[in-house]
Amino acid sequence: MSIQVYNTLSRQKEPFQPLNGNDVNMYVCGPTVYNFFHIGNARPFVVFDQVRRYLQYRGYNVKYVMNFTDVDDKIIKRGLEEGISPQEVADKYVEAFFTDVEALHVTRADLYPRVTEEMSEIIAMIAELIETGHAYESGGDVYFSEQTFADYGKLSKQTMENLVAGARVDVNDKKKAPADFALWKAAKPGEIAWPSPWGEGRPGWHIECSAMIRKHLGEQIDIHGGGVDLTFPHHENEIAQSESCTHKPLAKYWMHNEFVNLNNEKMSKSTGNFFTTRELLEKYEGGVLRFLLLSAHYRNPVNFSEELVENAQNGLDRIRSSYANLTHRLETAVDGDADKVDVEQFRGQFTAAMDDDFNTADGITAIFELVSDANKYLRQETVERGALQAYLTILEELMGVLAVPLAAEEADLDAEVEALIAERTEARKSKNWARADEIRDQLTAMGIVLEDTPQGIRWRRK
RNA sequence: GGUGGCAUAGCCAAGUGGUAAGGCAAAGGUCUGCAAAACCUUCACUCCCCGGUUCAAAUCCGGGUGCCACCUCCA
């Protein structure tokens, strides 16, 4: 059974079959770098990182490209507010992006092309669209003529009549038809601009992705990802631009993640209804946030709350605690083989879940069941090294696929803590329970949790 | 108005025809000097409502209701 992928284009799950053997080309719409991103913005970064990782785990060679939109109205505005250039704004938030995304254990894409570095390709593509009659110049702007692309609406299932009936299409007398969209925008006085055959200006929002994909991944790619809100108009327009040039389907599989909501409404910077990833990272570990995002299927909304994070934290602690217990028991385990435990079933369960449109929620269930099994094994007085090792290996493997660390980041025990633990051990030997409890309380206050096990004392940070 | 999505226990969340996974929380028990961790037990005769199809439906069909999103920048 192959991997099944839900394709927005067909609105159903399809068997995953890359265009070229084992090679997978993947493009995901990246951020406009004018601000710190919020936890909702983070979802596609994590989700598609996960898709990439899983495909790699299943043996595919994945080339992953994500763009940075580093010039647009919001960046220009931000630059004016802060008294710095648009490029400085972009550089600042690109750096912030990498910092935050790394904390969520997202590995870098193979390439992060930026609009300002792809200008000649963008201009060439616009010129091509004009030559082939799909676009026209109008007062320094260039527009794509929607009616020249017969398949327009195939991704979002929108018809032009419906869009016009919605009466929310941009009114602009430079356009010939309401649904036409900008490929190139003439510069306003003093604005950052690039020279072009149509005068000074900058690209429209949609063309960058078409041009970048073509340049870095080719005329056809396997997976194109992004948030649901990009389905229309952004991805629809990308299709129109690219396919008008190449006459080939731009992407085989279109994948869209649902939102992270707050108070049941979409996180939105304009209404203040959001938490930045950065501020959450001050309170919570990145691994916990990642685990939380992976706890739901990517096509279902997540309603963010503190309670949800605690829930994720507690669940993850269960897995980590089991891992720590397995490791701890290694020291006193006897020699023995791994055949006593059947660990394969969990790999199978995990893989089956993930094969089904990257169902991380069910994948996590497989891990919980593995943990449960391991904990039962751990109940025995005598455990065998091989069995422990088998559990540890599979746990590391599966959590490794999800890229959620099995240990919280911990500093080394300092001398003071070590001395206290030693003193408590002595107190316990002499049955001085009062002193022992006193020390434990003291350590608890320092954020250290002690566990007395038959195999010795274990500690961890709360 | 058009287009999509969602509605499963206190919370989170799978399951899309075969008689409700898993996690968190809670309660009781075992273990422990006491704890912690772990284990055992309990925790949805029922899946928004009303019809229908079927031997069989949370799952399919029809009709409602509620919530969310997109159609404007947006992950």
Side-chain angles (χ1 to χ4, degrees), chain A residues 8 11 28-32 34 37-48 69 72-74 153 156-171 179 205 225-234 236 256-261 264-270 291-292 295-297 299-303 305 307-319 321-322 324-325 328 349 353 356 359-369 371-372 374-380 428 431-434 436-437 440-441 444 449-454 457-460 462:
Chain A
T8 306
R11 310 274 161 157
V28 175
C29 292
T32 299
Y34 75 106
F37 64 82
H38 59 62
I39 190 67
N41 296 315
R43 172 117 94 147
F45 306 149
V46 169
V47 161
F48 293 107
T69 301
D72 92 329
D73 290 342
K74 292 187 291 277
S156 58
K157 313 290 186 239
Q158 295 280 3
T159 65
M160 237 31 258
E161 298 78 62
N162 292 339
L163 291 173
V164 175
R168 292 174 91 181
V169 264
D170 189 21
V171 184
W205 175 39
V228 265
D229 56 333
L230 297 182
T231 311
F232 190 91
H234 187 240
E236 198 71 71
H256 294 95
N257 65 277
E258 255 297 338
F259 285 116
V260 176
N261 297 137
N264 271 317
E265 276 175 28
K266 132 186 211 185
M267 284 203 188
S268 160
K269 286 191 176 141
S270 54
F291 189 74
L292 159 58
S295 294
H297 185 88
R299 282 188 289 110
N300 280 148
V302 167
N303 194 28
S305 66
E307 189 189 359
L308 208 57
V309 187
E310 276 164 35
N311 207 319
Q313 173 75 258
N314 290 341
L316 180 55
D317 280 348
R318 178 175 165 82
I319 296 168
S321 151
S322 179
N325 286 332
H328 183 67
Q349 188 185 345
D356 184 12
N359 194 333
T360 50
D362 271 354
I364 288 171
T365 291
I367 293 171
F368 274 121
E369 290 183 9
V371 160
S372 197
N375 286 343
K376 277 173 200 152
Y377 181 73
L378 246 17
R379 287 243 84 197
Q380 301 175 37
R428 289 184 73 230
K431 299 202 191 299
N432 183 354
W433 307 126
D437 289 350
R440 187 168 59 196
D441 290 344
T444 303
V449 178
L450 291 183
E451 297 178 7
D452 301 323
T453 77
I457 297 173
R458 241 168 35 74
W459 68 274
R460 62 193 163 86
K462 183 83 183 105

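Numbers restart at 1 for each chain; the letters A, B, ... are given by sequence-line order, proteins then strands. Below, each value reflects all heavy atoms present in this structure, side chains not excepted, and no hydrogens, waters or symmetry copies.
Between the CD atom of A:E258 and the P atom of B:G4 there is a distance of 14 Å, given to the nearest Å. A straight line from CZ of A:F259 to P of B:A69 spans 9 Å, rounded to a whole angstrom. Rounded to whole angstrom, the span from the NZ atom of A:K266 across to the C1' atom of B:G4 amounts to 14 Å. Atom C1' of nucleotide B:G4 and atom NZ of A:K157 are separated by 11 Å, given to the nearest angstrom. If you measure from atom CZ of A:F291 to atom P of B:G22, you get 15 Å, rounded to the nearest angstrom. One interatomic measurement links the two molecules: CG of A:N314 to C1' of B:A26, which rounds to 13 Å at whole-angstrom precision. Rounded to a whole Å, the CG atom of A:N257 is 11 Å from the P atom of B:A75.
Nucleotides B:U30 and B:A36 place their C1' atoms 15 Å apart, quoted to the nearest Å. Spacing of C1' atoms, B:U8 relative to B:U46, comes out at 9 Å, to the nearest Å. B:G18 and B:A75 have their C1' atoms separated by 40 Å, with the value rounded to a whole Å. Nucleotides B:C60 and B:A56 have their C1' atoms positioned 12 Å apart, rounded to a whole Å. Comparing the same atom, P, in B:C47 and in B:C34 gives a spacing of 46 Å after rounding to whole Å. The P atoms of B:C12 and B:C48 are separated by 15 Å, rounded to the nearest whole Å. Taking atom P in both B:U54 and B:C68, one finds a spacing of 38 Å when rounded to whole Å. With both ends at atom C1', the span from B:G22 to B:U3 equals 34 Å, rounded to whole Å.
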Self-check item: Watson-Crick and G-U pairing of RNA chain B, under 3.5 Å, as dot-bracket with | and [ ]
Solution: (((((((..(((.....[...))).(((((.......))))).....(((((..]....))))))))))))....

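Looking only at side-chain heavy atoms (C-beta outward), A:T8 and A:R299 stay at 4.5 Å or farther from each other. For the pair A:I319 and A:I367, the minimum side-chain heavy-atom distance is below 4.5 Å. Considering only heavy atoms from C-beta on, A:L308 stays 4.5 Å or farther from A:N303 through its side chain. Side-chain contact check for A:R11 versus A:K157: some heavy-atom pair is nearer than 4.5 Å. Counting heavy atoms from C-beta on, the side chains of A:R460 and A:D317 never come closer than 4.5 Å.
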Quiz item: What string of B, S and - do you get for nucleotides 31-40 of chain B, 5' to 3', when a contact is any protein heavy atom under 4.0 Å?
Solution: --BBBBSBSS

Practice problem: Do nucleotides 9-17 of chain B as a string where each nucleotide becomes B, S or -: B if the base has a protein heavy atom under 4.0 Å, S if just the sugar-phosphate does, - if no protein is that close. | Solution: --BSSSS--

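Put simply, NE2 on A:H38 and CZ on A:R43 are 12.5 Å apart, with the number rounded to the nearest 0.5 Å. The distance from the CG atom of A:N300 to the CG atom of A:N257 is 11.5 Å, given to the nearest 0.5 Å. Separating the OG1 atom in A:T231 from the CG atom in A:D229 is a distance of 7.0 Å, to the nearest 0.5 Å. Once rounded to the nearest 0.5 Å, the distance linking CG of A:N264 with OG of A:S305 reads 10.0 Å. How far OG of A:S156 is from NE2 of A:H256: 9.5 Å, rounded to the nearest 0.5 Å.
Backbone-only engagement by A:G315 is indicated by non-hydrogen atom pairs under 4.0 Å involving sugar-phosphate atoms exclusively. A:K269 comes within 4.0 angstrom of no nucleic acid atom, judged by non-hydrogen atoms across all strands. Contact annotation for A:V260: base contact, defined as any heavy-atom pair under 4.0 Å involving a base atom. A:S156 comes within contact range of the sugar-phosphate backbone alone, with a heavy-atom separation under 4.0 Å but no base atom that close.
Checked by atom type and distance alone, the side chain of A:N359 pairs as donor or acceptor with a backbone atom of A:D362 at under 3.5 Å.
Along RNA chain B, the nucleotide nearest A:R11 and the nucleotide nearest A:Q349 are compared for position; the residue whose nucleotide lies closer to the 5' end is A:R11.
Contact record, A:N375 with A:S322: OD1-OG, 3.0 Å, taken as the closest heavy-atom pair. The two atoms that bring A:L292 and A:A312 nearest to each other are CB-CB, 3.8 Å, heavy atoms only.
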